[in-house]
Colleague: 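The structure's right below; bear with me while I get my questions together.
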Amino acid sequence: MKAQRLLIHLLSVLLLVLWGGVMIYFHVSGRVVNYLPSDGLFRPLMLIGGIGMVVLGLFNLLTYSQDEGACCSHDHAHDHAHKHDDTCGHDHGHEHGEACGHDHSHDHKHEGCCGHDHSHDHAHSHSHDHDHDHDHADHAHGILEEGSWMGRLAAVAILAIPLTLAAMRTPDQFSANAILNKNFYTPNYGSGARKEQFSLQSKLEAAAKATPKAALPAAAAPAAVTSDPPSTPPAGVATASAMMAENGKTPNEKDLPKPAQESKSYGTFTLDDLKSQVPQSKEGNFILEVPELYYTAGDVEVQNVLSGQMVETVAQVLPEKVNNDEGHRVRIFRMLVQCCAADARPYSVPVDFGKKAPEFKDSTWIKVVGKMTYKKEGDQTVPIIEATKVEETTAPDNAMIY
């Protein structure tokens, strides 16, 4: 019995250390970056939880000898009811008269093998007919203490085998089938839960709000508006007046062309805005993440600026299966995480080669350089990179975008 309890105790300790050790391993090895975001408490809590489980397991191991020792595992509560007939002619219950001169109240205290108090309360009626009620409380030690050995082994297997296999064999990226099942080929371009984070114009607006007005250059201040008429007529109006005078006609205001209105930009997105917030390579390409390119499909002002510009990005690649009858396209994507890897979804854009597209192994990391264009396909504006250069590359430090 003692050896059995020791084995069960060691199995419990082993399971605690195993679970805690796996959590620590994912943190120390760096694999956690593919499953949990760097901001927030997820990663620290996972590490703290793993350390706590290992410490608890070692504590249980070191304090085993202080458990219950050689306990007899019984707690006896005896209720004895004695009936005495005919000897004294009295009914002796809990209270005994003096007719027989007996004190039939017994309080027995037995010192058992483990210091339990086995007390017997006896009520006598003077005929020693005993009726014993024993109440035994067994010592239980959790799921591994209960049931048969087959049940215990099954419990250990359920707790240990899936966790061990997951730690050893689970890949740190999604399979192609898993990505395709996340609406990979039916994106709703320009919309999504993270638009404010990746929209180029939203970033510009956020930067403008964060910049004090005093820090703005003088050129950014709006020009003063005056009520005085211009000293000279606009060029178009002056030319028309001169031509009419040469033909002997008196210029009439209603016959004169209206002056062209000066183009104004109140809060619109400009090339300077693009340059101010997007880094450029030494070749002058705008370095953008796939989600940033994805969200430009919902902003006409950004499209007007970015269209025709050279861009480059690093992403994973899968074959294109929509609007690709000629086989000129592939689709690049990045996985965007909200909370953890379980809720990751792909953000993707097509890459057009203008000829037969090269073949890549599914989910290969590539670097794409090309001209940014936008086309109306169905009821959506689709951002498309017209590739000029594509090469395989290594995955970035964070394969997931958080």
Colleague: Taking the six-membered ring where the residue is Trp, are the ring centres of Tyr295 and Tyr347 under 6.0 Å apart?
Modeller: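 Ring centres of Tyr347 and Tyr295 closer than 6.0 Å.
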Colleague: Flag the pair Thr270 / Asp273 as yes when at least one side-chain heavy-atom distance between them is below 4.5 Å, and no otherwise.
Modeller: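 SC-SC contact between Thr270 and Asp273 confirmed.
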Colleague: For Tyr294 and Asn188, work out which heavy atoms get closest and say how close.
Modeller: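 Nearest pair, atom of Tyr294 first, then Asn188: OH-O, 2.7 Å.
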Colleague: Working to the nearest 0.5 Å, report the span between OG of Ser12 and CG of Leu7.
Modeller: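 Here the interatomic distance stands at 9.5 Å.
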Colleague: Quick one, Met46 and Ile48 - any side-chain contact, counting heavy atoms below 4.5 Å?
Modeller: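 No, too far: nothing below the 4.5 Å cut-off.
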Colleague: Rounded to the nearest 0.5 Å, what separation is found between the CD atom of Gln309 and the OG1 atom of Thr373?
Modeller: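 OG1 of Thr373 is found 12.5 Å from CD of Gln309.
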Colleague: Mark yes or no for whether Gln277, through its side chain, and Leu200, through its backbone, hold a donor-acceptor pair below 3.5 Å.
Modeller: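 Yes; at least one donor-acceptor contact below 3.5 Å.
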Colleague: Quick one: does Asn285's side chain have a donor or acceptor within less than 3.5 Å of a partner on Ser281's backbone?
Modeller: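 Not at all, since once roles are kept as given, no pair shorter than 3.5 Å links the two residues.
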Colleague: What's the verdict on side chain to side chain contact (heavy atoms under 4.5 Å, CB included) for Val322 and Arg331, showing C-alpha distance, side-chain angles and the deciding distance?
Modeller: CA-CA 10 Å; Val322 294; Arg331 182 175 289 264; 3.5 Å; yes
Colleague: For residues 391-402, which side-chain donor-acceptor pairs fall under 3.5 Å, sequence neighbours excluded?
Modeller:
from   : atom 1 : to    : atom 2 : distance (Å)
Tyr402 : OH     : Val33 : O      : 2.3
Tyr402 : OH     : Leu36 : O      : 3.2

Colleague: Give the minimum heavy-atom separation between Met53 and Met23, together with the two atoms involved.
Modeller: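 Closest heavy-atom pair between Met53 and Met23: SD-SD, 4.0 Å.
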Colleague: Taking all heavy atoms of Phe269 and all of Glu301, pick out the closest pair and write down the distance.
Modeller: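 Smallest heavy-atom distance, with atoms named: N-OE1, 3.4 Å.
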Colleague: Got a sec: does the CD of Glu359 have more than 12 other heavy atoms crowding it under 6.0 Å?
Modeller: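 12 or below, so no.
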Colleague: Are the side chains of Glu292 and Thr313 in contact, using a 4.5 Å heavy-atom criterion?
Modeller: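 They are not in contact (no side-chain heavy atoms under 4.5 Å apart), so the answer is no.
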Colleague: Does CG in Leu165 sit with more than 12 non-hydrogen atoms of other residues, nucleotides or ligands closer than 6.0 Å?
Modeller: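 Enclosed: over 12 neighbouring heavy atoms sit under 6.0 Å from CG of Leu165.
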Colleague: How far does CD of Gln316 sit from CG of Asp362, to the nearest 0.5 angstrom?
Modeller: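 That separation rounds to 10.5 Å.
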Colleague: Could you tell me whether the side chain of Leu10 reaches within less than 4.5 Å of the side chain of Leu61, counting heavy atoms only?
Modeller: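 A side-chain contact exists here, since the closest heavy-atom pair is under 4.5 Å.
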Colleague: Identify, with sequence neighbours excluded, every residue that meets ring-ring contact (aromatic ring centres under 6.0 Å, His included) alongside Phe286.
Modeller: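 Scan of Phe286 (ring-ring contact (aromatic ring centres under 6.0 Å, His included), adjacent residues dropped) gives none.
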Colleague: For a quick test of reading the model, state the closest non-hydrogen atom pair linking Val13 to Gly57 and the distance between them.
Modeller: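 Heavy-atom minimum between the residues: CG1-O, 3.3 Å.
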Colleague: CD1/Ile158 to CG/Leu163 distance, rounded to the nearest 0.5 angstrom?
Modeller: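 CG of Leu163 is found 13.5 Å from CD1 of Ile158.
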Colleague: State whether the number of non-hydrogen atoms from other residues, nucleotides or ligands found under 6.0 Å of Phe59 atom CZ is greater than 12.
Modeller: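 No, CZ of Phe59 has 12 or fewer neighbouring heavy atoms, counting only those of other groups under 6.0 Å.
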Colleague: Any chance you could measure Thr170, atom OG1, to Tyr35, atom OH, to the nearest 0.5 Å?
Modeller: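 Rounded to the nearest 0.5 Å, the OG1-OH separation comes to 5.5 Å.
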Colleague: Check whether any side-chain heavy atom of Ser363 sits under 4.5 Å from a side-chain heavy atom of Ile179, and report yes or no.
Modeller: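 Yes, their side chains come closer than 4.5 Å.
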Colleague: Assess whether atom CD of Gln338 is packed by more than 12 heavy atoms of other residues, nucleotides or ligands within 6.0 Å.
Modeller: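 Enclosed: over 12 neighbouring heavy atoms sit under 6.0 Å from CD of Gln338.
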Colleague: Is there a side-chain contact between Leu58 and Val54, using heavy atoms and a 4.5 Å cut-off?
Modeller: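 Answer yes - side chains close enough.
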Colleague: Taking side chain as C-beta onward, heavy atoms only, is Val368 less than 4.5 Å from Ile332?
Modeller: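 In short, these two side chains touch, coming nearer than 4.5 Å.
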Colleague: Name every donor-acceptor pair, under 3.5 Å, that has one atom in a side chain of residues 376-388 and the other anywhere in the protein, sequence neighbours excluded.
Modeller:
from   : atom 1 : to     : atom 2 : distance (Å)
Glu377 : OE1    : Asn323 : ND2    : 2.8
Glu377 : OE2    : Arg329 : NH1    : 3.2
Glu377 : OE2    : Arg329 : NH2    : 2.7
Gln380 : OE1    : Tyr189 : N      : 2.7
Gln380 : NE2    : Pro187 : O      : 3.1
Thr388 : OG1    : Val369 : O      : 3.1

Colleague: Which pair of non-hydrogen atoms, one from Pro37 and one from Cys339, has the smallest distance, and what is that distance?
Modeller: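 What the structure gives for the nearest pair is CD-O, 2.8 Å.
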Colleague: I'd like to check the ring-ring contact (aromatic ring centres under 6.0 Å, His included) partners of Phe184; sequence neighbours left out, ordered by chain and number.
Modeller: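 Checked Phe184 against ring-ring contact (aromatic ring centres under 6.0 Å, His included); matches are Phe333.
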Colleague: Side chain to side chain contact (heavy atoms under 4.5 Å, CB included) for Phe42 and Val32? Distances and angles first, verdict last.
Modeller: CA-CA 10 Å; Phe42 291 111; Val32 68; over 6 Å; no
Colleague: Under the side chain to side chain donor-acceptor pair (under 3.5 Å) rule, collect the residues that match up with Glu289, sequence neighbours excluded.
Modeller: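 For Glu289 the side chain to side chain donor-acceptor pair (under 3.5 Å) partners, ignoring immediate neighbours, are Arg334.
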Colleague: Not counting sequence neighbours, list each pair that qualifies as a side-chain hydrogen bond (donor to acceptor under 3.5 Å, both in side chains) and has a residue in residues 14-25.
Modeller: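 Residue pairs with at least one partner in residues 14-25: Tyr25-Arg31.
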Colleague: Quick one: pull up CD in Gln280 and NZ in Lys275 and give me the separation to the nearest 0.5 Å.
Modeller: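 So the gap between those two atoms works out to 6.0 Å.
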Colleague: Take a 6.0 Å sphere around CZ of Phe360 and say whether it holds more than 12 heavy atoms from other residues, nucleotides or ligands.
Modeller: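 Enclosed: over 12 neighbouring heavy atoms sit under 6.0 Å from CZ of Phe360.
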Colleague: Specify the closest pair of heavy atoms between Gln303 and Ala297, including all atoms of both residues, with the distance to one decimal.
Modeller: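 Smallest heavy-atom distance, with atoms named: NE2-O, 3.0 Å.
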Colleague: With a 4.5 Å limit on heavy-atom distance, are the side chains of Leu306 and Leu293 in contact?
Modeller: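 Yes, close enough: below the 4.5 Å cut-off.
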Colleague: Check the pair Val351 / Val317 against side chain to side chain contact (heavy atoms under 4.5 Å, CB included), numbers first and verdict last.
Modeller: CA-CA 10 Å; Val351 176; Val317 61; over 6 Å; no
Colleague: Can you check side chain to side chain contact (heavy atoms under 4.5 Å, CB included) on Glu283 and Lys389, steps first, answer last?
Modeller: CA-CA 13 Å; Glu283 296 83 11; Lys389 182 181 178 182; over 6 Å; no
Colleague: If you count heavy atoms of other groups shown closer than 6.0 angstrom to NZ of Lys182, is the number above 12?
Modeller: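 Counting other residues, nucleotides and ligands, NZ of Lys182 exceeds 12 neighbours.
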